[in-house]
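Comments concern the structure below.
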2 protein chains.
Amino acid sequence: MMREPLHPEEMQTDGTGFLPSLAIDTVIFGFHEGQLKILLLEYTNTNLLALPGGFIQETENLNDAARRVLAERTSLQGIYLEQFYTFGDLDRYDPTPLRAIMSAHGLNYSDHHWLLRRFVSVGYYALVDFTKAIPVPDLLADRCDWYDLANLPPLMQDHQKIVQKALDTLRLELDRKLIGFNLLSETFTMADLQRLYETILDQKLHRSGFQRKMLSLGILERLDKQYSGGAHKAPYLYRFASDKKPV
Amino acid sequence: MMREPLHPEEMQTDGTGFLPSLAIDTVIFGFHEGQLKILLLEYTNTNLLALPGGFIQETENLNDAARRVLAERTSLQGIYLEQFYTFGDLDRYDPTPLRAIMSAHGLNYSDHHWLLRRFVSVGYYALVDFTKAIPVPDLLADRCDWYDLANLPPLMQDHQKIVQKALDTLRLELDRKLIGFNLLSETFTMADLQRLYETILDQKLHRSGFQRKMLSLGILERLDKQYSGGAHKAPYLYRFASDKKPV
DNA sequence: TATTATTGTCACAATTTGTTACAATAATAA
DNA sequence: TTATTATTGTAACAAATTGTGACAATAATA
């Protein structure tokens, strides 16, 4: 399995300084206009879309490597990040797409290039405030953009499977880990929060029960009202009160 | 991070045939006489206890490698096995204990021996029927035995941390994945099952509510009564009805 | 000032969970 | 044979949680 981002310095060395055989893939979730989105890279002169990824430096903790990859891709620090599964099937190993990417950049490589060997990849998912994350393509990629999770294009290798597993994990941990709040901006209305939950779970929730449940968590701080200009009662804004976060 | 089991063929080669930098550790749970137990290896001429582990062959799926390690250690096939976390901290890397093990076997090694490099380890937990698993020490270990989880001796490296994370995962998934049944023998009484749940969760449960909940799952098949010789009503035996298992 | 859409909250029902109670019943003792 | 003992299966009720609908409050607009 080959990996992204393919920094030129990685491609032109023999892999020295990085742990061999091991990579990281990150599924970076955002939420905008009622849609769950993830960050994907598109490589120059190929039609290949891939998850942002990278390698682990020999002097770096695994989780720190994931944090570094995330920061390089979103320009954000201190983001919610969770390891969720490690993918190590043999059928991940298909050097074809990576050869295409390397060729497209006019890079020399032999069939024994370290990037063309089999890789096991540790999957992480991240939750970011869509309005604050600034996607940054790496040097081999044309673009780094948000894509609707509900309407994903074909992805490189087993990345579709990785995304699905990330989403499954997200749903399972939605209540247990207060995931929702990491995908919204600093302040939000109860309706915002409910729309997010409904999108993640892909099911309608009852407004009354949802509000009662969220308030009963005791982690929301009520702020001023939000006068949206609509012909209706103005909703309160809320903020996630980290000091009230349960242990 | 060094790994177990250390098959001689692994120690005397240059690591060819295995994925470098990557290892597997398995936390094998059993339940006997009201105690949760795990399998540990004790190495010859050292006082080191370690989790059963191994490496991934280049031609082998990651999960299959875990399955192979488990089979080699317990002589059991088709065991419940779940990947739960991948451990990649730098402070795992401490070649001292492995040097001791290699020395104890009179093996030659240089400081650049592949086993002395840093390893990232994928953690799996397994649930086995204590009465059927036959622990098998590998060729470098003196013994492979069950130890009470509640009273573990010091373990090699970060294996204590791995065990704790496995137990945390076990508790979280106890209801969701019907874990309990994999730790009991083919048939069991409701009291057996409750004792297991109480041990895993480390808390008392109400007998009546527990029975109602288990029966409501619709996955238990009631068999004959068990005449235990005690001066009291005989309990029914139950069996896990796999055909009734929910999707 | 009436209308409209949405919000915050209450009220009640339905369901689930917590707890107690009690009859049934193996084995043993009287 | 019969009483005693410990444990079991289940019913009964209470408490807590969740599901659902209703309604007054209220910004903006007509």
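So you know, we letter chains A, B, ... as the sequences are listed, proteins then strands, and number each from 1.
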Atom-pair distance (CZ on B:Arg222; C1' on D:dT8), nearest Å: 10 Å
Partner lookup for D:dA28, please. Criteria are Watson-Crick or G-U wobble with both distances under 3.5 angstrom; report none if nothing qualifies. C:dT3
Could you state the CG-C1' distance from A:Leu215 to C:dT9, rounded to the nearest angstrom? 10 Å
Give a yes/no on whether any side-chain N or O of B:Arg207 is located under 4.0 angstrom from OP1 or OP2 of C:dA21. no
Closest listed nucleotide, where the reference is the side chain of B:Tyr236 and the choices are D:dA27, C:dA27, D:dG9: D:dG9
Contact nearer the 5' end of DNA chain D, comparing A:Lys213 with A:Ala231: A:Lys213
Side-chain donor/acceptor contact of B:Lys233 with base of D:dT8 under 3.5 Å: yes
Whole angstrom value for the distance that separates C1' of D:dT8 from OH of B:Tyr238: 9 Å
If the threshold is 4.0 Å, N to carboxylate O, is there a salt bridge linking A:Arg195 and A:Asp192? yes
Find out whether the Lys NZ or Arg CZ of A:Arg222 is both under 6.0 angstrom from the six-membered ring centre of A:Tyr238 and within 45° of the ring's axis. no
Just to confirm, is there a sub-4.0 Å distance from OP1 or OP2 of D:dT8 to any side-chain nitrogen or oxygen of B:His232? no
Just the rounded figure in Å: distance from P of D:dA27 to CG of A:Asp224. 12 Å
Start at the 5' end of DNA chain D and walk down; is the nucleotide closest to B:Arg212 or to B:Ala191 reached first? B:Ala191
Any donor-acceptor pair under 3.5 Å joining the side chain of B:Ser208 to the base of D:dA11? yes
Could you check which of D:dA28, C:dA26, D:dT8 has an atom nearest any side-chain atom of A:Tyr227? D:dA28
Check the distance between D:dG9's C1' and B:His206's NE2 and give it to me in whole angstrom. 17 Å
Round to a whole Å and report the spacing from CD of B:Gln211 to C1' of D:dA11. 12 Å
Side chains of A:Asn63 and A:Tyr124 only: does a donor on one sit below 3.5 Å from an acceptor on the other? yes
To the nearest Å, give me how far apart CG (B:Leu237) and C1' (D:dG9) are. 15 Å
By the 4.0 Å heavy-atom rule, please label B:Gly209 as base, sugar-phosphate, or nothing. base
B:Gln226 CD to D:dG9 C1', straight-line distance once rounded to whole Å: 15 Å
Checking A:Gln35 against A:Tyr147: is there a side-chain donor and acceptor pair closer than 3.5 Å? no
Crowding at CG, A:Asp142 (>12 non-hydrogen neighbours, <6.0 Å): yes
